[in-house]
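For reference, the structure discussed in these notes is given below.
Just so we're on the same page: letters track the sequence lines, and every chain starts at 1.
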Amino acid sequence: MIKLENISKTYGSTRALDSINLTILPHKTTVLIGPSGCGKSTIMRLIVGLIKPDLGNVYVKDEMLTPINFFTIRRRMGYVIQDGGLFPHLTARENVFLIAKYLGWNNDRIRMRIAELCELTKFPIEALDRYPVQISGGQRQRVSLMRALMLDPDIILLDEPLGALDPLIRFELQNDLKGIFHTLSKTVVMVTHDIGEAGFFGDSIVLIRDGHIIQRGTLVDFVRTPTDPFVTSFINAQRSPLESIGE
Amino acid sequence: MTCRLISYCRGKACYALTCSLSMVLFGTGLILPLLFIANTTVALSATEVKVGSKAFTESVILGEIITQLAQSEGAKVKYLRQLGGTRVLWDALLTGEVDIYPEYTGTITQEIFAVKNIRDEETLKKILAEKNILMSRPLGFNNTYAIGMKEDVAEGLGITKISDLRKYPKLKFGFTNEFMNRGDGWPSLRRAYNLPQKNVRGLDHDLAYRGLESRSIDVIDLYSTDAEIRYYKLRVLDDDLHHFPEYNAVLLYRSYLRERAPDALKTILKLEGRIPEKTMIDMNAEVKLGGVPESVVASEFLKKNLSITTEPKEETFLTRLVHNTLQHLFLVAISLAAAILISIPLGILSHRKEKIGHGILGIVGIIQTIPSLALLVFMIPLLGIGSAPAIVALFLYSLLPIVRNTYSGLQDIPVGIRESAEALGLPPGARMRLVELPMASRSILAGIKTSAVINVGTATLGALIGAGGYGQPILTGIRLDNIPLILEGAIPAAVLALLVQGLFDLLEHVVVAKGLRLKGD
């Protein structure tokens, strides 16, 4: 579905990614995890074409990403960032239908699609005409997800979608998101730094450190057969105090 | 195509500069057709005689007399009163924007043709004729430069002639700015008389009298027909070394007036030899000290001396206000509209192409540093006098705030929002239109508001080059030491600036999206 081939990317003198090879499987959720600045967000930005690799190629559905096919390929992907990235001058509804309107959808088709999406994301229809500043952080993420899903893309990219939310809302949204991914059976790539979240969502987890892939597998693989001492220390560092009480 | 060309030039600063400069020139080019239309509408009324005068009372009175004389012969006259100084009038005469104006022989030889060292009238007439300009015979009075002091101070020190000043090096001199610099002014006067004074400063002529009165200066330059000589009880010092040349008042006019308005010209030239020094001083005094309008003084003069009855047309306060307001709005509206049309694309370009952006912001920044008066005067050789040069100067002044605010408004859009728009699959043009410009709208509008307010204020200077507006009563008010007249221009200008500001505050509710004006709960 998505393939990164020999990708290297440097920002100034920092090497963000060093000869990365990564294949994202279709209809599965792949989670990229690692400490801050490890290069996980850089991978997402490369897939969307927001930045260009210094070396190597990105393929989306066997099509190499070039400046010429950017716009069409992007419309087959939905992208959600940490604080939602909603356009503050547009209402929730206008945010959601912006791209469809640009592509010339008629109003009925837009209205039907938005109704579908509201149901899917459990977003209250009556809040659609509010502006981003008038709704809560969790609701903003739902709007952002609706915007990403508007054109019914095959791929959904989420860059720390829950990072800015408080724990209760986060928990609720986690469950809703997992349900949505399950229903839609999309190819999902998600970035997080939370190992619990990675285990919750990920069919496959990719641990990245300093621009290299350290290990790829399930959470169970990470615990039982770590390929590097860093894998174990990364997991241990996030062990919850609740777990130690339970033991 | 342009985009490709621009990205091709990237990295070469000179290209960036050329690109942005050509944009600014293009903008200037854009308003010229508008100005052309504006000018032709004026020309359609078929003005036959365009009279000019300098920004001091005597010149304004003479201009008024000429105007009324031409009108008495049925000619259509346009009177451009109190345009700046010699340079403005002379250039306007050369380009034919003024057909006739009062001048002084000394000024022509010492100032206009200072380098040619003209000795006699015949040579002068020949040089003028080469430029298709004719000179009347002297009008009758000699308004030469003179040096004056308060009578009691001069009496106390025993000063009667300029050479007496040598004995008092501590005296404070205050001279008009023109006198400080001109060929026959202070530098040559000091050499001729070997004057030792060090405390010499330049100031406005009308303010000099008040300085003398308050004793902050002791010695000033005078025009010998100044009404104030008697009023302030001044002693005119004897020019014992005959330093100052003769300043016989004459009329300079374009030779084509002989064909275009022969009767009017013939009548105007009746003034030759008809204005003795005392008459001129009386007329100056009536206007400056008596507060009588120039047009009335001119009309009385014509009736008494040439038995010509004219109707002095003095605008009422209200018509004057309407007239000035329309002129002022005309200057502001055209220059601001052109600036908005050019500046927003320039701001977008600066945001998109960093290198070119540096060039653009640099150039519009430099334009802003040129003093407004200098910018206006620079425009005269290119565009003559009147509203055209004023509009171009105001246009250039209005660029910076709009370009800079467009640029920074776009620059300040958070990366997450910019990238979200990109990730949606919107092409650059659509992103600019649907996301980036709406988000920068508040900043852009603020830039336009700043430009508009500055524009309203700066436009008052337009009166110096014949563009009219609220600067007209301010200039007259300064010249006549008439505070109500100054306020007649200053108050509407301030009110207009406030109105403009209020208008843009209202506009913000229309232009800036509601989502950007709301505050989060």
Side-chain angles (χ1 to χ4, degrees), chain A residues 41 44-45 47-51 67-103 129-137 140 143-144 147-151 153 155-160 164, chain B residues 1 3-4 6-8 10 344 348 351-354 405-406 408-447 507-521:
Chain A
S41 281
M44 297 289 261
R45 294 151 64 87
I47 297 173
V48 195
L50 293 173
I51 50 173
I68 294 159
N69 60 20
F70 266 176
F71 299 122
T72 49
I73 287 188
R74 277 173 187 164
R75 289 169 202 161
R76 303 212 298 257
M77 302 192 273
Y79 182 59
V80 176
I81 59 169
Q82 182 165 335
D83 57 6
L86 292 180
F87 308 129
H89 62 295
L90 301 178
T91 61
R93 188 196 303 278
E94 289 165 339
N95 264 281
V96 176
F97 73 52
L98 183 68
I99 184 69
K101 192 114 184 161
Y102 175 75
L103 295 174
D129 291 313
R130 299 211 183 127
Y131 286 95
V133 286
Q134 295 172 313
I135 57 179
S136 70
R140 276 205 283 272
V143 175
S144 185
R147 185 174 71 181
L149 291 172
M150 185 68 190
L151 301 181
I155 302 165
I156 306 171
L157 305 164
L158 303 108
D159 194 346
E160 305 222 22
Chain B
M1 184 60 211
C3 279
R4 179 150 313 165
I6 287 165
S7 54
Y8 189 71
R10 188 184 286 203
I344 296 178
I348 294 172
H351 162 70
R352 286 267 172 89
K353 309 279 170 195
E354 201 184 333
N405 276 38
T406 305
S408 65
L410 292 171
Q411 212 74 2
D412 290 345
I413 297 172
V415 181
I417 285 168
R418 193 192 307 280
E419 291 193 342
S420 290
E422 220 178 324
L424 271 184
L426 289 172
R431 289 204 298 270
M432 186 53 70
R433 187 165 50 84
L434 298 171
V435 177
E436 297 179 22
L437 281 181
M439 286 200 62
S441 57
R442 176 175 288 189
S443 171
I444 296 173
L445 201 64
L507 213 56
E508 193 174 295
H509 286 270
V510 182
V511 175
V512 179
K514 190 181 167 208
L516 294 174
R517 285 181 275 118
L518 293 170
K519 289 206 163 60
D521 300 334

Taking the side chain as C-beta and beyond, is there a heavy-atom pair between A/Tyr131 and B/Arg517 under 4.5 Å?
-> no
Which residue out of B/Ile413, B/Leu426, B/Val512 racks up the most heavy-atom pairs below 4.5 Å with chain A?
-> B/Leu426
Taken to the nearest 0.5 Å, the spacing of B/Ser420 OG from A/Leu98 CG works out to 11.0 Å
Drop me the distance from A/Tyr79's OH to B/Glu419's CD, to the nearest 0.5 angstrom.
-> 5.5 Å
For residues 81-92 of chain A, which side-chain donor-acceptor pairs fall under 3.5 Å, sequence neighbours excluded?
residue : atom : partner  : partner atom : Å
A/Asp83 : OD1  : A/Gly85  : N            : 3.4
A/His89 : NE2  : B/Leu434 : O            : 2.9
A/Thr91 : OG1  : A/Glu94  : N            : 3.1
A/Thr91 : OG1  : A/Glu94  : OE1          : 3.4

Using non-hydrogen atoms and a 4.5 Å limit, figure out which bit of A/Arg45 sits close to chain B: side chain, backbone, both or neither.
-> side chain
Looking only at heavy atoms, which two atoms of A/Phe71 and B/Pro427 are closest? And how far apart?
-> CE2-CA, 3.6 Å
Work out which heavy atom in B/Ala423 is nearest to a heavy atom in A/Val48; give both atom names and the distance.
-> CB-CG1, 3.5 Å
Would you give the length of the straight line joining atom CG of A/Leu50 to atom CZ of B/Arg418, rounded to the nearest 0.5 angstrom?
-> 11.5 Å
Do you know the tightest heavy-atom contact between A/Arg75 and B/Leu424?
-> CG-O, 3.8 Å
Of the listed B/Ala430, B/Ala513, B/Gly515, the one with the largest count of heavy-atom pairs under 4.5 Å with chain A is B/Gly515
Who in residues 437-446 of chain B is close to chain A, using a strict under-4.5 Å heavy-atom cut-off?
-> B/Pro438, B/Met439
